[in-house]
Amino acid sequence: MKAIDAPLVDQRARDRFRDEWNANFAVSANAGSGKTTAISERLAAMALAPEGAALLRKTAVVTYTKKAAAQIEQRARQVLLRRITESPGLEGVPKDLSPLDHLERAFFGTIHSFCLKLAQTYGQTVGINLNPTVVAEDDEALWEEFIEQDPMEFGRLSAVELNAFLRHVPLEKIFDVARTLDAERAAGLGQRQPSGLPPAPSEAVLADLLALPAKGSGSKNVTLSQQRAQVWQEKWTRGAGFLPLYENEGKSAALVELAQTWMAPLKRWLGDAAGVLAAELAGRYRAWRFTRGVQTYADQIDAALAVLNNDALLNRVRSEGWRIILDEAQDTDPQQFAVLVELARPPDAARNTWPRADGRGVGPRPGHFCMVGDGQQAIYSTRADIGNFSRHVDAFRRGDGGEFLEFQVTFRAPHAVISLLNTTLPDAFGKKREDNFGLPPAEGAPPPFLQVPYVPLEPGPVNQPGVVGRIELLVPAHKPAGVESWLTEEARQVALWLKQHGPGSVGATKWGDIAVLAPRNDWLSTAQKAFEGVGLQVALQTRRNRSGDHPVYAWLTGLLAVCADPENTFEWVGVLREVFGVSDALIASELRQHGRLAWDEPDQHSTPLAEALAKIRPFVLRVNDEGRALQTFARELAAAAALAERARARDASGGLENELERLLAQAAERGLQGASPREWLAELLAHIDDGRPAGKPTDDAINFLSAHSAKGLEWPVVIVLGLWRGIGKFRDSGLELVRDARGKAQVFLDQASLPPEAQESLERERVRELTRLLYVTLTRARRGLVIPWSPEFGGRQKIRPSFAELWGTELSEISTLTAAPGVEPPAISATAVSARPAPGRASAAAILSVTASLPARLLPHQLAHARDAVRQARHESGVDEPRMLDGVNDPIQYGLWWHETMELLPWAENDLAIAAHGERALQEAETLGFRVRGEEEWTRLQSSAAWPVLRDTRWTRLAEIGIFAPLRSEAWIDGVIDLVLHDATAGELWVVDWKTNQRRLGETDETLLGRLGAEYTPQLAAYGECLAGFFPACRVRRLVFSSVAGAWRDTDGQKF
Amino acid sequence: MASVSPRIALHLARHADTAWREVIRPWLEAGVGRLERAHVIVPTRGQAQALKQRCLMENIALLGVEFLTPGLARKKWVGLLAERQPTMGRELLLLGLKTLVARRLAPLALADPEWGFWQSLQSDPERALDDFDELLKAGFRAKDFPLAPLRGVFEELTEWVESRGYAHAACIAETAGLTPVGPMDRRIGGRVLVVGLGPEAWGEFFNVAAFVRRCDEVTVVLPEPAFRGRSELDEKWISVWSGLLGVEAQHIDAKEPAETCEAVGALWGRGAEATAQARVIVGRTRGDELRLVAGEIEALLAAGAENIGVIFPKADPAHLVLARLLAEKNVPFVDLLETASPPPLDVQTQRALLAFYARGARIDEFLALWPLLRASGAVTVSQADARRAVERSFDMRQTHAVAGHQADWATDAPELARVAGLLLPAWPAEITLAEALKKIRVACDLLDLEEPEGWSPLDALAKHETAALAGPVVLDALGSFLPEKYPVAEAPGRGNFARVTLGTWRRMEGLTWSHLILLESNAGSWPARREPSWWLTDEQREELNQRGRFTLGLFTSEDRAALERAGYQGLARDTRKEVIFSAALFSESEPELKLAPNSWLERVIWSQGLASGAGGLEAAFDRLAVEVPTPLEEAPDVAVWDATWRGRHDATRPFDEYFFAGDPGLITPEKLSAKRVERGVQDPAELWFEAVLGVKRVAWEPLTRTRRKVLGQQAHLLLAAALRSTEVTKGFGEMPPLGEAQERLTAALTAMRSQWPADRYWDSFHAELAQICAALLENVYALDAGRYVATEAWLPSPAEVTRGDWRLPVVGRMDLVRLDRPGWRGANVDIIDFKTGGDLNLTAERMARSGASLQLGVYLAGARSLGAKTGRVWMLKPRPGEAAMIDFGELEVALTRLDWLATAMQRGVYGALTKDRSEHTTAGYTWPLASTPVRHAVLAAKFAATFGAMATDAEKEDHESH
Ligand code: SF4
């Protein structure tokens, strides 16, 4: 082993990537080679550069997930802080931390969010939607809305051609393709216009089909097929009426082949026609999405492309000097590559001219484009295109556009695994395998090598020696029937072995150190049952657990559903049995007896059921109430149903409680936007089928993951399950959309109608990708790699390839694991409950001293018996309340107008001035829509008995006067008085309060004034009391003036 | 004309405490004992609250002192203007802008070069309007927009505003703020004190200036520059004020406060040394963080903390949680943040009504409206019945437009038809404002809803704006005047004084605190990442500022970021004892996502040397995290429930009364339909819910076209019409000759075609339907069977199935029955089932094994029980000669699964065999929402434990179908 401080074999490559941030690199980073750190180092170096601030403002670090982006950002800050700390500073001068600020300016995010940002920043002239709602590609309701309003007429095919198409294929068949087609592929499909009408099926082939001898067990099917073929041919000749494509009966190979040959030319034509139609519909769908304001992820890329396809904008973007660091480049599709590469190229470079095989075309500007990735880990052919990735890598390899670097050193894989993989995998990735080549482009031409080359792994300084060991599988005497049963048997044997020997036997210190990986999710479920069957705990980690299957999600959704619609007995039943554990027998007999669940009168029912109904009843009653935060509703509902306690009882590790917290936080979030329980329910329902990550790793459970989800992760020990088992294709029944040899999209009517070469080349690509998936699977372990295997196990596989076949090495030669003696299996779940610490700090409430409380603040409305919304709206304490008080409320608005009119009334001036003031106010009232009422009440005031009294010259007047004073020692009043009249000579102080309250039914002036007086007496009394404090010598009178009555009244009962 | 000049003082204070001691307090005390107007202008009500609280603590009573925010100040002086012009709120301006954009866009096509711009602007008018507002407030006008088309459209908007008799609020403010007040002008008078306004209040400057001009005595205290981040902005801000007031700013010459956490703020600057005045609290989750903070607050109060400022990035869920925790602990606090709750039911309904129109009068929104109408009593049909009526009509009509359903509802669901009648027609493409207001008001009236409140500004505008406007634009405008939320009634921390204050930095800056707690100090939470606007970019702003009329102009995104940072630093400076940062390690909404400290906290952790050990910052942050479980005191006992749960999920335990079983004497259904028998033996859960409990699920999923299903339904209807006998006695008649049936079919098809829209989708649908029907019809005639027929025939009572002694009355409707005589008894019967999709797979063995197509077996058994002599049941498919059959001879074998049914019903034990829901199949029976799935493997094991040998076959089928 090398010394720990010896330089890594690829140290130079790492140093260059970090330091030469003004050069472009493509980095091929082996599994576990620390690429996140490498990118972080580069960013830190940029931040520390003198021009760091300017550089990073136009730097984008893009990767495939939000989480990965966040991780790089955090790591980069950490690296930078470390470098600042380590830098030799000046004595007594604090270290300059401003490079951290520079780093904050850089963009970290997914490619999609970067495209959105590009489009928003630069796209205002090309018709980009700047405010899109992002929707999933498969949004059913959206598509439904689209097809319904679509004219469903097609112009790209002539009417006869369209009729010919629709004669054999329902139009609906093109929908699935049309729905997900992006602009680029749609353009490609549009070009494959079928020429003329469909070709007639060959009579010669039909003759062969009809001539097939009918004998043996299949004779009935042959005869039937032949009859149908004849009928089909007649109908074809007749030329009218819907005619589904011919299908033979039975599975006879000769029959199947003839039937396919017979239909092939027609299907080819139909496939092309389907492509053209799908492209046309996809175009309309895209346009419609645009006007509807929604964007799919593909639309975000298209939007960025639209910006870059505009010369002026492209130049502007390029001249701003964006720098791109692309992570996980092997998963990036050609469109995304195009966006990132184009904007990093020099301003005058012609579009789409780099990279080219001939090396011409100007690449990205130095320092403006870096990509980090690993072709060996390209496992997402559905979205990415490994060929495109390789083209870019090859360009860098030959020095075109930048340089190529390799990080071979893995800090993860143990020595044992490294030497096994380095000796066995080069073949699997190498030229001896036919599948690693494409089909020859022409007769006799050499076939292209299309697999990614294997890069040997190099151990880092502290990698563990590790172990690769085999668990010998026993072929049972009674052979299992079918692959599922074989897999169950394998899992059972492995589980028993583990159970017997404990985690230590495979080099783990606890069960949670072990991950079981398999290429397909459904294999894991099968294996899970077997593991659980022998008493091992399993944490199946999948990203696709349905939200609605999560207990807490289900409980809350069910509870909300009955609150929102208490007549829904079906959902009540769910809530009662599931949340409250009421027995089904009781529910059934009560339902029989009463015909319904009387939630409104729970007492009608027997105990446990009645109790449960009574707990939920209050929430049913208040589900429509305003003025109550959704968060409160949700929390109290959860508490009433004891969801937290149930969650904890079901999952001591706190996983279910976390989900409860998450949902309650969501309720709070939505509640802040004014959502009601009903709206929250709608949202929960809308997302009930969303996949969510599930299966929290714990110390006591063995982790189960698909090989795909294991990418980017690591465990001390990895067990690969089902190495013997053939890995099948996913079957699709609809149209097949594939790319041809030149990368152009093409549509086929079904899988069977793909030409054999196309099927072959697709299959080879699938095999190549599975080989890479194997690489990913085998490079996850830090200490031990466990291979359950024996040559005969699993029997002959009908489908291929299996991982073992892809690996192509003699697995029996791997030495069997011997259980390490003396390692006891840890007790399962002994620590699960006690893992949570007790609450940290003792409650301080008891010792909370009296000094903590301050005198109360009395807002006048708290004194009055009725709400004074007008006053609240005019008071500073009400300013930031939500918009109900914004003045959109008519009665409030009128009150505000009146108060303002009174406040500014020039009492002391002449009649003319007063009339002018009144007219101005009334004009205002007109624009606000209540001139009539305003005029009436303004007139009424002027003719009221109060008017001359108010205008008396003896007064000093002050309107809208704030008062903040101690009312009693424990309370201060904080309010505004409408009008105070002061006559110092007479020693009089009058307090006037304006009221614009409407008359209630049947109220006279008298009773109205009486009511107002009663309602506002305490408020005015308090004012009076406080004012007396300021003017101890004055006699205080308190008056309420009603604008409706045009009269006032002394609140001590006296009437004027 | 000589202007009236007030007495003026302009002070600069470095610390909030200095400002209080040297200026504010003396100013307030000067007014005591006089009936005299005095105003204090503060940035937000937070500062007003805090100043009052300080008065209270220092026992200063106030009379005639009114605290105003700039918005309230504006109301005061606007009322005094000689010429009062109405102004348009944002909602009305948006209406105008959208209208102008729509008009420009209308004549353009995709190929036109300008199309793109207007299209983009249409997608984002709000931000453009914000930029315009900023432009106006900074003294620019529409003509200053650097982008020519924006210039054009905003100039036109200005014209539109003015031509309708309105003015821009910002322009009025600017004029009022800049114009000296003449001796004849009406004034506010009295004293005014302006405190706490920093450069971020520049947008409100003229509102305040106009107020100040109208007072007798003006005192202004501004933050001293040098100590804030962007000192340049501070200097300009001061010079703007001294320009307005015509005096030089005076530094307050006073002793610095002894205690300050200034060093903590400095950490966020270019760098500084460690300070002991910062403390860090990290919770594992946000919930943990808040529980820790609540405990911390209690502890601080217990230790005598004087006033604690608790700062949130915004009114967010964390704020609600902390407020609740404090309230639960009886810790008094002042809450400056807004709360929100749903608006009243009527407003919710009005909003749903607008959404109905906005989305094109579709059934989806119609169904969303329904429960609201039901809740207010405007309709009586239940949500379930409404949904089912819509599902039925949707199956027929396959359209989401409510208009397409009206006719069906008229007979099937009259109340739905009535409501649809009230609501339709759909919203027009163009409509005048007045008509629009009327249309909604009429609808509200008809639905017994209150009239929408607060539409008077729209009414006022409608008098001046009489042209037809784009329908959606008008609808948006109406909606913008309906509140989406109401404040929470009786939220804690309102209208009181306390030593703990919850708020944001904006509401709390410029005040003194003993302790400051900065919550959610995570990257991404705060400081906010500020994206420059694309309509008025930072570069353009800087350029405009070069030629602005005022010292301050437009702020760039970096300016704003710097102001925010300075705001926080100022808070630290005005804090005496300690600044506490709190943060969470994991996100609550994405529990797997690890969070990072924000840029300030990061430096605090670093400065305390916590990050220097191995692992660096990430590890240090990790180590700090603490978990605090919610205490479940007085927790209800859930042990019994837990046992029930475990029993239900226990594979070894048979089904019992807790799992779809009960007393057979009480719960057994009297009869079953053939279909339910079939589905019930495949999954007894369905039998339990639908037959035993008699409850049915109410679907909520969006309705989507189901072409296959509709093809099948229509084919059945058409074939029934074609085959129906003209002369029927006791349900049977002679089958028409093939030719006649074909003619009838053609006629019915033609009639049906006219119901669907004339487009290629329906052409295609119809062509396939015609083919299916024709082929099935031929297959019917190809059978060698009796000449009497009954179409869509019900199995009459007393049809039943029997197994041994057990008998079960059955019902069901068969697609077609052919007999050789017009009655069941003694007849040779052929029962025919049309299958338009799926596999042709009818054998007695399969039926026996899995119960597949058992329905047909039940029909056949029913026929036998009715006395038929011979019987066959057929499944026909739409290809020539595609038919499969079972006859009486095979029936005993075929009905094997009924043995289980007999046992189940006799014992009252049903159980379940529901399939696991996987990514590709959702076919299994759907349980109520609250249910968590019990895995199929568990159910199968329980089933075996309950029913023994009877279970095994069902399992076999299960594997086959995978
Ligand atoms: S009376 Fe109440 S808040 Fe006002 S001062 Fe009142 S509304 Fe407040």
Side-chain angles (χ1 to χ4, degrees), chain A residues 74 78 94 97 124-127 129-131 141 144 152 166 171 231 242 551 554 557-558 565 567 569-571 574-575 578 581 583 585 588-589 624 626-627 629 631 642 645 649 665 668 672 674 676 841 844 847 852 854 857 859 876 879 881-882 884 888 904 927 929 961-962 964-965 982 1030, chain B residues 45 48 61-64 66-67 79 86 116-117 119-120 123-124 271 295 298-299 301-302 317 341-342 344-345 375 382-383 454 456 459-460 484-485 487-489 495-497 588 596 616-617 635-636 638 641-642 644 657-658 662 666-667 695 702 704 759-761 764 767 771 928-930 932:
Chain A
Q74 286 174 32
Q78 165 154 344
L97 296 178
Q124 304 86 39
T125 53
V126 288
N129 191 328
L130 299 170
N131 233 343
E144 183 80 4
M152 284 294 155
L166 292 178
L171 183 61
V231 174
F242 185 75
T557 314
D565 180 12
E567 294 166 305
T569 311
F570 183 80
E571 298 303 343
V575 166
E578 187 83 15
S583 86
S589 61
N624 295 309
E626 73 245 40
Q631 190 230 20
E645 291 78 6
L672 287 169
S676 62
R841 195 183 285 269
I847 44 167
L854 298 177
R857 180 189 194 189
L859 297 173
E876 130 279 312
V879 168
E881 290 299 324
M884 171 192 99
V888 295
L904 303 171
T927 65
I961 178 169
F964 182 64
H982 183 216
F1030 286 96
Chain B
R45 75 184 165 89
L62 306 173
L63 178 66
E66 195 177 347
F67 289 85
F117 183 85
Q119 190 71 47
S120 286
S123 73
D124 186 34
E298 268 186 312
L301 287 174
S341 75
L345 186 60
S382 74
Q383 201 173 322
S456 50
D459 287 322
E484 6 178 56
K485 53 191 175 191
V488 169
N496 60 331
F497 295 110
E588 205 126 77
L617 191 69
V638 293
W641 169 86
D642 193 39
T644 305
E657 81 253 41
Y658 282 93
L666 292 176
I667 64 166
V695 295
T704 51
D759 67 27
R760 289 305 201 158
Y761 178 85
S764 163
Q771 182 266 328
L929 287 165
T932 25

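The sequence lines fix the lettering, A, B, ..., with proteins before strands; numbering per chain opens at 1.
Taking each heavy atom of A/Leu130 and B/Ser120 in turn, the nearest pair found is CD1-O, 3.7 Å. Minimum interatomic distance between B/Tyr658 and A/Gly581 (heavy atoms only, all atoms of both residues): CE2-O, 3.5 Å. Across every non-hydrogen atom of A/Ala649 and B/Trp641, the tightest pair is CB-CZ3, 4.4 Å. Taking each heavy atom of B/Ala61 and A/Phe1030 in turn, the nearest pair found is CB-CZ, 3.9 Å. Considering every non-hydrogen atom in both A/Ala629 and B/Val488, the closest pair reads CB-CG2, 3.7 Å.
For A/Val575, the parts lying under 4.5 angstrom from a heavy atom of chain B are both the backbone and the side chain. Residue B/Val695 touches chain A through both its backbone and its side chain, counting heavy-atom pairs closer than 4.5 Å. Interface remark: A/Gln124 contributes backbone and side-chain atoms alike to the contact with chain B (heavy atom separation under 4.5 Å).
Heavy-atom pairs under 4.5 Å with chain A peak, among B/Gly662, B/Ser382, B/Ser764, B/Pro86, at B/Ser764. Highest contact tally toward chain B, considering only A/Leu166, A/Val231, A/Thr557, A/Asp565, is held by A/Asp565 [criterion: heavy-atom pairs under 4.5 Å]. Your options are A/Ala668, A/Ala141, A/Ala585, A/Ala554, and the one with the most heavy-atom pairs under 4.5 Å with chain B is A/Ala554. For the set A/His982, A/Glu567, A/Glu626, the entry with the most heavy-atom pairs within less than 4.5 Å of chain B is A/Glu626. When each of B/Asp459, B/Leu666, B/Thr644, B/Ile667 is scored by its heavy-atom pairs under 4.5 Å with chain A, the top score falls to B/Ile667. The residue among A/Met152, A/Glu144, A/Gln631 with the most heavy atom pairs within less than 4.5 Å of chain B is A/Glu144. For the set A/Gly574, A/Gly674, A/Gly558, the count of heavy-atom pairs under 4.5 angstrom toward chain B peaks at A/Gly674.
Among residues two or more places apart in sequence or in another chain, the ring pair (Phe, Tyr, Trp, His ring centres under 6.0 Å) test is passed with B/Phe117 by B/Trp535. Judged as a side chain to side chain donor-acceptor pair (under 3.5 Å), and not counting sequence neighbours, B/Gln383 has no contacts.
With values rounded to the nearest 0.5 angstrom, B/Glu66 atom CD is found 9.5 Å from A/Ile961 atom CD1. A distance of 6.0 Å separates OG of B/Ser123 from CG of A/Asn131, quoted to the nearest 0.5 Å.
At least one side-chain heavy atom of A/Leu672 sits under 4.5 Å from a side-chain heavy atom of B/Pro317.
Remark: the backbone N or O of B/Ala460 is not paired with any side-chain donor or acceptor of A/Thr927 at under 3.5 angstrom.
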